[in-house]
Amino acid sequence: MAEKNLRKMNRKELIEIIYALQQDEKESGGENTVPIPSEAAVDAERERLQYQKKYLQTLRTTIYALIIVAAATILLATMFLPVLQVSGTSMEPTLSDGDITVLVKNADFETGDLVGFYYQNKLLLKRVIGGPGDIIDIDSEGNVYVNDELIDEPYITEKSPGETDITYPYQVPENRYFVMGDNRSVSIDSRSSTIGCIEVDQIVGKVIIRVWPLNRISLIE
């Protein structure tokens with residue numbers, strides 16, 4: 001019966017089985033000769049080889065799947081939900097240094113929206129104050145007016161005119177937005193000609209949620 005099963009095996013399988021049994025014989029201190037394996041030994045070795053082959057196939061499939069998922073995640077984050085880590089204190093108390101936020105791509109922004117935008121190859125976060133054509137005015141106490149109306153700003157804790165070198169009232173140019181940080185005394189923003197109003201094409205998206213640190217996960221308003 002054993003000889004019949006052996007004849008059904010191809011040369012490669014038989015060589016692998018004999019080699020494996022030979023190694024076992026050497027490790028056990030036996031002679032370097034291997035008798036014809038029994039049917040049970042052949043079946044056991046065949047099962048081991050089949051398991052090994054199946055395991056490697058499963059491992060390759062898993063790795064390919066993880067690569068595809070990672071690529072899809074990166075593509076999704078790049079195209080629709082960019083992730084941005086806060087650097088500095090200009091957005092306190094809303095966001096702190098090191099917080100990680102998720103943005104959503106958008107093309108329509110309103111006063112009060114928190115947006116991320118490119119500036120000199122860096123991503124910055126600021127609050128939209130006014131859009132194209134709006135008239136911005138800031139008095140000596142830091143009160144902000146848009147089109148002659150005092151805007152409600154519950155997201156700030158202290159008003160300040162901040163660092164500014166522009167003349168008020170100031171009209172926002174077409175296709176641009178006037179932005180300010182929530183920490184008005186330290187933020188460098190559209191009040192300074194260093195940054196000025198940002199173009200629509202510079203804006204990455206609107207901040208919707210803070211995802212880090214875990215104990216401060218929250219929607220951003």
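We count residues from 1, following the sequence as given. The analysis underlying the following values was restricted to heavy atoms, covering all of them including side chains, and did not include hydrogens, waters or symmetry mates.
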What is the distance from atom [atom1] of [X] to atom [atom2] of [Y], rounded to the nearest 0.5 Å?
X: Lys159; Y: Ile138; atom1: NZ; atom2: CD1; answer: 11.0 Å
X: Met180; Y: Ser192; atom1: CE; atom2: OG; answer: 12.0 Å
X: Thr58; Y: Ile63; atom1: OG1; atom2: CD1; answer: 11.0 Å
X: Thr111; Y: Asp152; atom1: OG1; atom2: CG; answer: 11.5 Å
X: Ile209; Y: Ser218; atom1: CD1; atom2: OG; answer: 7.0 Å

Quiz item: Taking only residues two or more places apart in sequence, or in another chain, which ones meet Ile100 in a side-chain contact (heavy atoms from CB on, under 4.5 Å)?
Solution: Val83, Gln85, Val211, Trp212
Practice problem: Report the residues that fulfil side-chain contact (heavy atoms from CB on, under 4.5 Å) with Ser87, sequence neighbours left out, ordered by chain and then residue number. | Solution: Asp97
Determine whether [X] and [Y] fall in the same hydrophobic cluster, where Ile, Leu, Val, Met, Phe, Trp and Tyr are linked whenever their side-chain heavy atoms lie under 4.5 Å apart.
X: Val115; Y: Leu123; value: no
X: Val144; Y: Leu150; value: no
X: Leu84; Y: Ile220; value: yes

Quiz item: Transitive ILVMFWY cluster of Val186 at side-chain heavy atoms under 4.5 Å: who else is in it?
Solution: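 In the cluster with Val186 there is nothing else; it is isolated.
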Self-check item: N/O donor-acceptor pair under 3.5 Å between Gln171 side chain and Ile135 backbone
Solution: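 Checked: no pair found.
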Quiz item: Counting only N and O atoms by type, is there a donor-acceptor contact under 3.5 Å from the side chain of Ser190 to the main-chain atoms of Phe178?
Solution: no
Exercise. Let me know which of Glu163, Glu153, Glu158 forms a side chain to side chain donor-acceptor pair (under 3.5 Å) with Arg184.
Key: Glu153
Name each donor-acceptor pair under 3.5 Å that joins a side chain in residues 126-133 to protein atoms two or more places apart or in another chain, with its distance.
residue : atom : partner : partner atom : Å
Lys126  : NZ   : Ser90   : OG           : 3.2
Lys126  : NZ   : Ser187  : OG           : 2.9
Lys126  : NZ   : Ile188  : O            : 3.4
Arg127  : NE   : Asp182  : OD1          : 3.2
Arg127  : NH1  : Gly112  : O            : 2.9
Arg127  : NH1  : Glu221  : O            : 3.0
Arg127  : NH2  : Thr94   : OG1          : 3.4
Arg127  : NH2  : Asp182  : OD2          : 2.5

Quiz item: Which pairs with one or both residues in residues 131-143 pass salt bridge (Lys or Arg N to Asp or Glu O under 4.0 Å), sequence neighbours excluded?
Solution: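 Listed by first then second residue: nothing to list.
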Quiz prompt | side chain to side chain contact (heavy atoms under 4.5 Å, CB included) between Leu125 and Val207, intermediate numbers included | solution = CA-CA 9 Å; Leu125 288 175; Val207 178; 3.4 Å; yes
Do [X] and [Y] come close enough that some side-chain heavy atom pair is under 4.5 Å?
X: Pro169; Y: Tyr145; answer: no
X: Arg191; Y: Asp189; answer: yes
X: Val146; Y: Ile136; answer: yes

Heavy-atom closest pair, residues [X] and [Y]:
X: Phe117; Y: Ile203; result: CB-CA, 3.9 Å
X: Tyr155; Y: Ile151; result: OH-CD1, 4.5 Å
X: Val204; Y: Lys105; result: O-CD, 3.3 Å
X: Ile198; Y: Ile195; result: CG2-CG2, 4.5 Å

Quiz item: Without hydrogens or angle criteria, can the side chains of Arg210 and Thr101 be said to hold a donor-acceptor pair below 3.5 Å?
Solution: no
Self-check item: Neighbour count >12 (heavy atoms, 6.0 Å) for atom CG, Asp165
Solution: yes
Quiz item: Would the number of heavy atoms belonging to other residues, nucleotides or ligands and lying under 6.0 Å from OH of Tyr168 be above 12?
Solution: yes
Quiz item: Sequence neighbours excluded, which residues qualify as ring pair (Phe, Tyr, Trp, His ring centres under 6.0 Å) partners of Phe109?
Solution: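 Once residues adjacent in sequence are excluded, the partners of Phe109 under the ring pair (Phe, Tyr, Trp, His ring centres under 6.0 Å) criterion are Tyr177.
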Self-check item: Met91 and its side-chain contact (heavy atoms from CB on, under 4.5 Å) partner, picked from Leu114, Asp99, Asn183
Solution: Leu114
